[in-house]
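Notes for the one structure printed next.
Both backbone and side-chain heavy atoms feed into the values below; hydrogens, waters and symmetry mates do not. Numbering of residues begins at 1 and proceeds along the displayed sequence. Bear in mind the structure is a predicted one, so any value in this text is a computation, not a measurement.
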Amino acid sequence: MEFLVVIALAGYIFYLRNYADLRTPSEKEAAALADGIALYNSGEIQQALEYFDARIRLKPKSGIAYLYRGLCQKSMGNAEAALHDIRTGLSYDDQVYTLHLELGKIMMEQGKTENALAAFDRAVSISEEQSAAPYEWRARALSLLGRETEAQRDLQHEKVLRELLKANPSPRSAAKTPFFDKRLAINMGMIIMTSALLVYVIKNAESIHLPYLVAVVAAISIGFVEPYKGWLLAVMQCILMLAGYFLFTSPPEDGARQELENFSLYGAMVLTFAASFLGGFLKRAINMK
C-alpha cells in the first residue's frame, strides 16, 4: 500500500509539471506564434502574412493565426480577405476579444454600424476589463448611432480603465476565458457520479481488474472532456473516492479483503492521474490536426 501511495505522489508531481498548464488554448497559440506576431508589430507585413499562411496550413483551426493574417490583409488593403479571416478565426475560437473587436472595425468601415456595435458589445464582454480599446470603439459606434449619452459613458470608462491598466499592467492575455465556467461545473457533476461508481466497484469487485478498468475509462473521459483543466477533475475524483470509501463504507472484517480494496482504491487513484493525462494528450493532439 505504501508503495502505491509513493507512486501516486510521484505521478501527481509529474502530472502537474506536464499537464496542469492553466493557459487557455488561445494563450498557448499566441505564445507559439510569437515570431509572426513580432513581424506584424514591427511593420513587416508581407513577411508576417507569409508566416501566418504557413502556420494556417500546418494548423488550419488556429483562431489566433487567422486573426493576425486578417490584420495583415487589412494592412495591405485587402478588406474582404481580412473579413473572411476574422470570421474564420471566430468560427474556431469566439473567446478572443480581439477577433470581435477587429470584426467590429471592419463592419464600421463598411457602414454596418449596428453590426459593428454588436461585435464591440461582445468584445467588451470577453475582454473583462483587460483592454480599453473595446470601450473606445463601442463609443464610436454608439456616437454614430446618435446614442451620445451611452457613448460618453463608454468614453469615460475607457479613460479610467486606460489609466488603471497603465498603472497596473495586467499579465492576463487578451484571449482570457474564465477558469470556472459552465462546462467545468457540468463535468464536476460527472466526476461525482464516476467517483461514486468507482467506490461501489471497489467494494464489490472480486479482483483489482474491474476497478482498474473502470478507473482508466473514467480518467480517459476526464482528459477528453477537459483537456486543459482535467488535472482539477482528476484531483477532485481522487478526493471524492477517498472520502466516499472511508466515510460512507464500512471496512471489511477479512484482512485479505481489506488488502484487495486498498490496492483497488490506491491503484485507481494512480490510474486516474495517468489515464486523464493520456486522455488530455490525445484530445489536444486531435485538436491540433
Side-chain angles (χ1 to χ4, degrees), residues 22-31 33-34 36-38 40-41 43 45 48 52 62-75 79-183:
L22 302 185
R23 292 180 300 169
T24 65
S26 295
E27 289 171 338
K28 293 179 182 180
E29 282 182 19
L33 298 170
I37 294 172
Y40 172 78
N41 289 335
I45 305 301
F52 291 114
S62 171
I64 300 298
Y66 276 106
L67 165 64
Y68 278 94
R69 192 174 75 172
L71 290 173
C72 291
Q73 297 281 16
K74 185 178 177 181
S75 296
E80 287 303 317
L83 179 60
H84 178 268
D85 275 351
I86 297 299
R87 282 179 167 161
T88 303
L90 281 169
S91 72
Y92 292 128
D93 190 348
D94 67 351
Q95 294 301 307
V96 181
Y97 82 81
T98 316
L99 280 165
H100 293 279
L101 183 62
E102 294 302 325
L103 177 63
K105 291 179 183 179
I106 294 173
M107 292 291 100
M108 279 190 67
E109 290 175 0
Q110 294 181 347
K112 301 175 182 178
T113 310
E114 290 284 358
N115 293 336
L117 180 59
F120 295 141
D121 280 339
R122 187 67 175 145
V124 167
S125 175
I126 296 174
S127 67
E128 296 184 317
E129 304 291 286
Q130 297 306 300
S131 172
Y135 287 98
E136 175 188 353
W137 282 92
R138 189 169 71 175
R140 295 187 187 187
L142 288 167
S143 182
L144 286 174
L145 292 169
R147 296 161 63 175
E148 286 298 333
T149 302
E150 295 170 84
Q152 289 303 314
R153 188 184 305 125
D154 267 2
L155 285 175
Q156 185 61 32
H157 187 87
E158 178 259 337
K159 181 179 179 181
V160 172
L161 182 57
R162 198 175 294 279
E163 290 299 318
L164 286 174
L165 293 175
K166 185 178 179 181
N168 258 322
S170 170
R172 291 164 54 186
S173 163
K176 172 72 171 63
T177 54
F179 183 79
F180 288 99
D181 53 18
K182 183 178 180 181
R183 176 179 170 180

Legend entry - Set of residues satisfying salt bridge (Lys or Arg N to Asp or Glu O under 4.0 Å) with respect to E148, sequence neighbours excluded: none
Legend entry - Straight-line distance of D154 CG to W137 CH2, nearest 0.5 Å: 14.0 Å
Legend entry - Taking every non-hydrogen atom, the tightest pair across V124 and P134: CG2-CB, 3.6 Å
Inset, instruction - Check whether any side-chain N or O of S143 sits under 3.5 Å from a backbone N or O of A139 as a donor-acceptor pair, and report yes or no. - result: no
Legend entry - Pairs satisfying side chain to side chain donor-acceptor pair (under 3.5 Å), at least one member in residues 63-73, at least two apart: D53-R69, R69-D85, Q73-N78
Inset, instruction - Identify which one of L90, T98, N115 satisfies the side-chain contact (heavy atoms from CB on, under 4.5 Å) criterion when paired with L103. - result: L90
Inset, instruction - Could you tell me whether the side chains of Y135 and Q156 share a donor-acceptor contact shorter than 3.5 Å? - result: no
Inset, instruction - For F120 and G104, work out which heavy atoms get closest and say how close. - result: CZ-C, 3.3 Å
Inset, instruction - Indicate yes or no for a side-chain donor-acceptor contact from Q95 to the backbone of D93 under 3.5 Å, with no hydrogens or angles considered. - result: no
Legend entry - Between NE2 on residue H100 and CG on residue L67, distance to nearest 0.5 Å: 11.0 Å
Legend entry - Atom of A133, atom of R162 and distance for their closest heavy-atom approach: N-NH2, 4.3 Å
Legend entry - Point-to-point distance, once rounded to the nearest 0.5 Å, from CE of M108 to CD1 of I106: 12.5 Å
Inset, instruction - Only counting residues at least two apart or in another chain, list the ones meeting salt bridge (Lys or Arg N to Asp or Glu O under 4.0 Å) with R140. - result: E136
Legend entry - Neighbour count above 12 (heavy atom, 6.0 Å) for H84 NE2: no
Inset, instruction - Please tell me if the side chains of E80 and Q110 come closer than 4.5 Å, counting only heavy atoms from C-beta onward. - result: yes
Inset, instruction - Run the numbers on R147 and L117 for side-chain contact (heavy atoms from CB on, under 4.5 Å), then give the verdict. - result: CA-CA 11 Å; R147 296 161 63 175; L117 180 59; 3.4 Å; yes
Legend entry - Student check: side-chain heavy atoms of E129 and L164 closer than 4.5 Å: no
Legend entry - Closest contact, heavy atoms only, E29 versus I64: OE1-N, 3.2 Å
Inset, instruction - Working to the nearest 0.5 Å, report the span between OG of S131 and OH of Y97. - result: 3.5 Å
Legend entry - All side-chain hydrogen bond (donor to acceptor under 3.5 Å, both in side chains) counterparts of T113, not counting sequence neighbours: none
Inset, instruction - Would you please name every residue forming a salt bridge (Lys or Arg N to Asp or Glu O under 4.0 Å) with E163, sequence neighbours left out? - result: none
Inset, instruction - Determine the minimum heavy-atom distance between L165 and A132, stating which atoms define it. - result: CD1-N, 4.0 Å
Inset, instruction - Side-chain contact test, heavy atoms from C-beta onward, threshold under 4.5 Å: evaluate it for D94 versus L99 and give yes or no. - result: no
Inset, instruction - Could you list the residues that satisfy salt bridge (Lys or Arg N to Asp or Glu O under 4.0 Å) with K105, not counting sequence neighbours? - result: E102
Legend entry - Chi angles and distances behind the side-chain contact (heavy atoms from CB on, under 4.5 Å) call for E109, K74: CA-CA 11 Å; E109 290 175 0; K74 185 178 177 181; 3.5 Å; yes
Legend entry - Heavy-atom closest contact (L33 atom, S62 atom, distance): CD1-OG, 3.9 Å
